[in-house]
Amino acid sequence: MQLHVDYVEYEPIQPEAGIYEEAERKIHRIEEALLLLTSIEKDDDRLLAVKAMDDAAAFMEKLKIPRLVIYPYAHLSTDLAPPTHAMEIFNAMKERARTLGLNFHAAPFGWNKRLVISVKGHPLAEQLKSYTAEAAARSSEEVPQALLLEEKLESYWHVLTPGGEMIPVEKFDFSGHENLEAFAKYEMQKSRAVLEQPPHVSLMKRLEIADHEPASDPGNVRWYAKGRLIKSLLEEYVTKKVIEYGGIELETPIMYDMEHPALRKYLHKFPARQYVIPTEDKKYFLRFAACFGQFLIARDMQLSYRHLPLWLYELTRYSFRREKSGELAGLKRLRAFTMPDVHALCKDLEQAKEEMKRRLKLSLEVMEGIGFDRDYLEMAIRFTKDFYEENKDFIFELVRIFGKPVLAEMWSERYFYFVLKWEFNFVDCQRKAAALSTDQIDVENARSYGITYVNESGEEAYPIILHCSPSGAIERVIYALLEKAELVRMRGGKPMLSTWLSPTQVRIIPVRSKYIPDCIELIEEFERNRIRVDVDDRDETVDKRIRDAETEWIPYIVVYGEREKKSGILSVRIRAEDRIEFMKPEDLITRIREETKDKPFKELPLPKLLSRRPSFR
RNA sequence: GCCCCGGUAGCUCAGCGGGUAGAGCGGCGGCCUCGUAAGCCGCAGGCCGCGGGUUCAAAGCCCGCCCGGGGCUCCA
């Protein structure tokens, strides 16, 4: 029985049977909720629990009901399940509610309870819902059917495990892999639960990272000083890593002739998604990837098998895709974005497979350096059936390198220019997925662009080309970093960026204005050690300035007064550990240098004194 | 692109069964000189997204457009 209530109030009086949950004998009152008075019947299973919770979540979404109350209520059925089984199903409901991110309350099972409810007066407020095992079984079988109808080409969804198994996605046990499950759902059913603005959008504004530029086309962003700093550090980091792995950095034009023979075919194969720039005599399109420029260069190069594999790299600022207006979202999906793109020309498939493994490792390193270890990433591998049949070992090798179960999509035939692609996906606060790193095996474009090399027998041959972005679009990386910080906050932690990406790494707060000169002297020592430091010399209370530094997510906050001046020991508020430690300046410097080693450094492009620093909004 | 929600002070938002606009934060000024998450007082600041319509009267109602967000779709 589903009731939309103004409030529900209950008080556990006494356990009714031997099997009951722990409960406090006090009055529990919950305001403004969807109350589910629930009976579990003999044949009910966990699938039903999931279905019931999904329906409840959808209903709550529709009616904007903020919370859910799961209330064991035996009196709705004459065919009750035994208590142990019933409790198991209730637990499955709670688990599902938690997975869905619902704000819910569960009344204890097995108690005699005093109950007061106030049901709202609207037509949808009272509904009897009944779920039976047969119906659930039927609907779960319908999933692949519906997918087949929906997809233009047949695709088959599986989960690949590091142990070498290929399990149909509906048979895979996702417990312990909730993010992968959310990602799989997102991919397959396109089911989306949440309606609010994504958290990273207000964060990017509040932290003065970026904002929309109303005078531009939607999906074009303005970057403030701190955002520009973060973005350029990420750009530098990815570039550094690619070059370490042997990438050759190039720069190519952002616009191309629409009638150029090599580009025409590629361009016309896809729906018009590009910005077009008309001039007196010709039309140009803005590039939507680095492929064009790099391929046109590769076509003109004198290549032999001895040069291969050859990595060509460019970080495009920008690539342009004129996504439909409804598809744009914060920093997640833009019309102008910064894309590191590294191609590998390989002499044959064997070499391509070897290179792809190296690039997968590169991507994992890059993502980890940025702050996404494997817990935050879900991998998808998509391939044609033919490719799978001939390269099973290779595909499972990729899964093993990743080290977690992977979502696999198999196509019955090749539709795109690639036979295999993989990506890393980040699952955000709204349980939506966004692709970050990716790599593809392209078997078509060498031919269409006329890219050739001379092989061992002195013949011209077409290379296989890999297309990899080790991080994905930089804007999207920042979206993911902000969403990750919000996930941390939701779990009760302190949101922050890694030290190397924090615009201010150390903030010094003089207790009184007379210590400002000492603080300015102190920052020079930090600056000599390539640490971004500033001084909050504003005429505000210490408390206020600490609060401001905290809301800016500054990793190290130093309060400087008489004690510090006398002792030379700093009191350092360490955000990551949520505590204060007393340490010498050189120890703090060592700590930060350790945390930021192997990462790029840039100066803070803002006044060092907060009193001189304008707000961008 | 379609559907839904929103756009009011620099920011976040209240006001919206029509009668001419408010708060908090921020800014500026004054007091306070402060030891680990918001000190006190005062002042300034508004073509209520833009255009049209209805009305004696529009921030509010109607139509169109622009921008943002969400859903669908899409994501080479």
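Nothing here was measured: the structure is a model prediction, and the numbers come from that model.
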| task | Would you mind reading off the distance between A/Arg547 atom CZ and B/A37 atom C1', rounded to a whole angstrom? | result | 6 Å
| query | Expressed in angstrom and rounded to an integer, what is the separation of A/Leu203 atom CG from B/G69 atom P? | reply | 14 Å
| If you measure only the distance, is there a donor-acceptor pair under 3.5 Å linking the side chains of A/Tyr275 and A/Asp217? | yes
| If the C1' atom of B/C75 is compared with that of B/A58, how far apart are they to the nearest Å? | 43 Å
| request: Could you tell me whether A/Arg222 and A/Asp211 make a salt bridge, using a distance below 4.0 angstrom between a side-chain N and a carboxylate O? | output: no
| request: State which of B/G71, B/A38, B/C67 makes the closest approach to the side chain of A/Pro218. | output: B/C67
| B/G17 versus B/G46 - spacing of their P atoms, nearest Å | 27 Å
| Heavy-atom pair with the smallest gap, counting every atom of A/Ile508 and A/Phe526 | CD1-CE1, 4.4 Å
| Quick one: A/Arg222 CZ to B/C67 C1', roughly how many Å, whole number? | 13 Å
| remark: If pairing means Watson-Crick or G-U wobble with both distances under 3.5 Å, then the partner of B/U55 is none
| Quick one: A/Glu552 CD to B/A37 C1', roughly how many Å, whole number? | 13 Å
| note | From CZ of A/Arg335 across to C1' of B/C74 the rounded distance in Å is 13 Å
| query | Which nucleotide in the set B/A76, B/G68, B/G71 lies at the smallest distance from any side-chain heavy atom of A/Phe418? | reply | B/A76
| task | Mind listing the residues from residues 553-568 of chain A sitting with a heavy atom below 4.0 Å of RNA chain B? Number order is fine. | result | A/Val559, A/Gly561, A/Glu562, A/Arg563, A/Glu564
| Nearest-angstrom distance, C1' atom, B/G7 to B/U12 | 13 Å
| query | So what does A/Lys494 hit on the nucleic acid, given a heavy-atom distance under 4.0 Å: a base, only sugar-phosphate, or nothing? | reply | base
| Can the ring centroids of A/Phe292 and A/Phe285 be said to lie less than 6.0 angstrom from one another? | yes
| field | Nearest to side-chain heavy atoms of A/His212, which nucleotide of B/G68, B/A38, B/A76 | value | B/G68
| field | P atoms of B/C48 and B/U8, separation to the nearest Å | value | 11 Å
| request: Could you tell me which nucleotide pairs with B/G29 by Watson-Crick or G-U wobble geometry, both distances under 3.5 Å, or answer none if nothing does? | output: B/C41
| task | Using atom CZ of A/Arg322 as one end and atom C1' of B/G1 as the other, report the distance to the nearest whole Å. | result | 11 Å
| request: Among the candidates B/A37, B/G1, B/G70, find the nucleotide nearest to the side-chain atoms of A/Arg573. | output: B/A37
| message | Taking A/Glu550 first and then A/Arg547, would you say they form a salt bridge - that is, a charged N and a carboxylate O separated by under 4.0 Å? | response | no
| note | The single option from A/Thr338, A/Leu229, A/Ile478, A/Val366 that satisfies side-chain contact (heavy atoms from CB on, under 4.5 Å) with A/Leu234 is A/Ile478
| Closest listed nucleotide, where the reference is the side chain of A/Ile546 and the choices are B/G68, B/A37, B/A76 | B/A37
| message | In whole Å, measure the gap between the C1' atoms of B/C66 and B/G27 for me. | response | 29 Å
| task | State whether the side chain of A/Arg287 and the backbone N or O of A/Tyr318 hold a donor-acceptor pair below 3.5 Å, judged by distance alone. | result | yes
| field | Atom P, compared across B/G29 and B/A44: separation rounded to whole Å | value | 15 Å
| field | Interatomic distance at C1', B/C67 relative to B/C40, whole Å | value | 40 Å
| Strictly under 6.0 Å, is that where the ring centroids of A/Tyr417 and A/His467 end up? | yes
| message | On RNA chain B, compare the nucleotides closest to A/Tyr515 and A/Ala329; which residue's is nearer the 5' end? | response | A/Tyr515
| note | Rounded to whole Å, CZ of A/Arg414 lies from P of B/A76 at a distance of 15 Å
| said: Students often get this wrong, so: under 4.0 angstrom with heavy atoms, is A/Glu323 touching a base, only sugar-phosphate, or nothing? | reply: nothing
| query | Does B/C34 have a Watson-Crick or wobble partner in any strand here, with both distances under 3.5 angstrom, and which is it? | reply | none
| said: Is the ring pair A/Phe418/A/Trp411 parallel, tilted or perpendicular, if the boundaries are 30 and 60 degrees? | reply: tilted
| field | A/Glu562 and A/Lys565: CA distance, side-chain angles, deciding distance, salt bridge (Lys or Arg N to Asp or Glu O under 4.0 Å) verdict | value | CA-CA 5 Å; A/Glu562 194 54 32; A/Lys565 191 176 166 65; over 6 Å; no
| Which nucleotide, in any strand shown, forms a Watson-Crick or G-U wobble pair with B/G68, with both distances under 3.5 Å? | B/C5
| remark: By nearest-heavy-atom nucleotide on RNA chain B, the more 5' of A/Arg476 and A/Glu550 is A/Glu550
| task | Could you tell me whether A/Arg206 contacts a base, only the sugar-phosphate backbone, or nothing, with contacts defined as non-hydrogen atoms closer than 4.0 Å? | result | nothing
| request: Report the nucleotide, chosen from B/C74, B/A76, B/A37, that has the shortest atom-to-atom distance to any side-chain atom of A/Arg333. | output: B/C74
| B/A23 pairs with, by Watson-Crick or G-U criteria that keep both distances under 3.5 Å | B/U12
| Which residues pass the salt bridge (charged side-chain N to carboxylate O under 4.0 Å, His left out) test with A/Glu251, sequence neighbours left out? | none
| side-chain N/O A/Lys324 vs B/C3 OP1/OP2, d < 4.0 Å | no
| Which whole number of Å gives the distance between the P atom of B/A57 and that of B/G52? | 15 Å
| Distance in Å, A/Glu483 CD paired with A/Leu203 CG, rounded so as to fall on 0.5 Å steps | 8.0 Å
| message | Between P on B/A76 and CD on A/Gln274, what's the gap in Å once rounded to a whole number? | response | 14 Å
Listed pairs, N/O of protein and of nucleotides 23-34 of chain B, under 3.5 Å:
from  : atom 1 : to       : atom 2 : distance (Å)
B/G26 : OP1    : A/Lys544 : NZ     : 2.5
B/C32 : N4     : A/Asp539 : OD1    : 3.4
B/C32 : N4     : A/Asp539 : OD2    : 2.7
B/U33 : O2'    : A/Arg512 : NH1    : 3.2
B/C34 : OP2    : A/Arg512 : NE     : 3.3
B/C34 : N4     : A/Asp539 : OD1    : 2.9

